[in-house]
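Heads up: the structure comes next, in C-alpha cells.
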Amino acid sequence: AAEATRSVNEATIQSRAKAALTANATFLALASPTNAQVLAQTKVLTRECSALIRLTLRLLDTTTGI
C-alpha cells in the first residue's frame with residue numbers, strides 16, 4: 001500500500017510540475033506584476049521547490065503542503 005501511495009504521489013507531483021511550467025511562463029510574461037502577484041508567485045514557487053525536493057530525495061509519502 002505504501003508503494004502504491006508513493007507512485008500516485010510521484011505522478012501527482014510530476015503532473016503539477018508540467019502545469020507549473022505554463023503558469024510560470026505566464027507570470028514571467030507580465031510586464032509589471034503587482035506586489036500581490038509577486039507575493040502569490042513566491043508562495044507558489046516555494047511549494048514547487050518543495051515538490052522538486054521531494055522528487056529528488058524520493059520522499060513521496062505525501063503531497064501535503066506542495
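Residue indices begin at 1 and follow the sequence shown. Predicted, not measured: the structure shown is a model, and the values here were computed from it.
A distance of 7.0 Å separates CD in Gln41 from CG in Leu28, rounded to the nearest 0.5 Å. One finds the CG atom of Leu45 at 5.5 Å from the CG atom of Asn24 (value rounded to the nearest 0.5 Å). Residue Thr46 holds its OG1 atom at 13.0 Å from CD1 of Ile66, rounded to the nearest 0.5 Å.
When all heavy atoms are compared, the tightest approach of Ile13 to Leu60 is CD1-CD2, 4.0 Å. In this structure, Glu48 and Ala20 approach most closely via the heavy-atom pair OE2-CB, 3.1 Å.
For the side-chain hydrogen bond (donor to acceptor under 3.5 Å, both in side chains) test with Arg54, the passing option among Thr62, Thr63, Asp61 is Asp61; the others fail.
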- Query: For Arg58 and Glu10, what are the C-alpha separation, side-chain angles and deciding distance, and is it a salt bridge (Lys or Arg N to Asp or Glu O under 4.0 Å)?
  - Reply: CA-CA 9 Å; Arg58 308 296 295 161; Glu10 181 176 26; 2.8 Å; yes
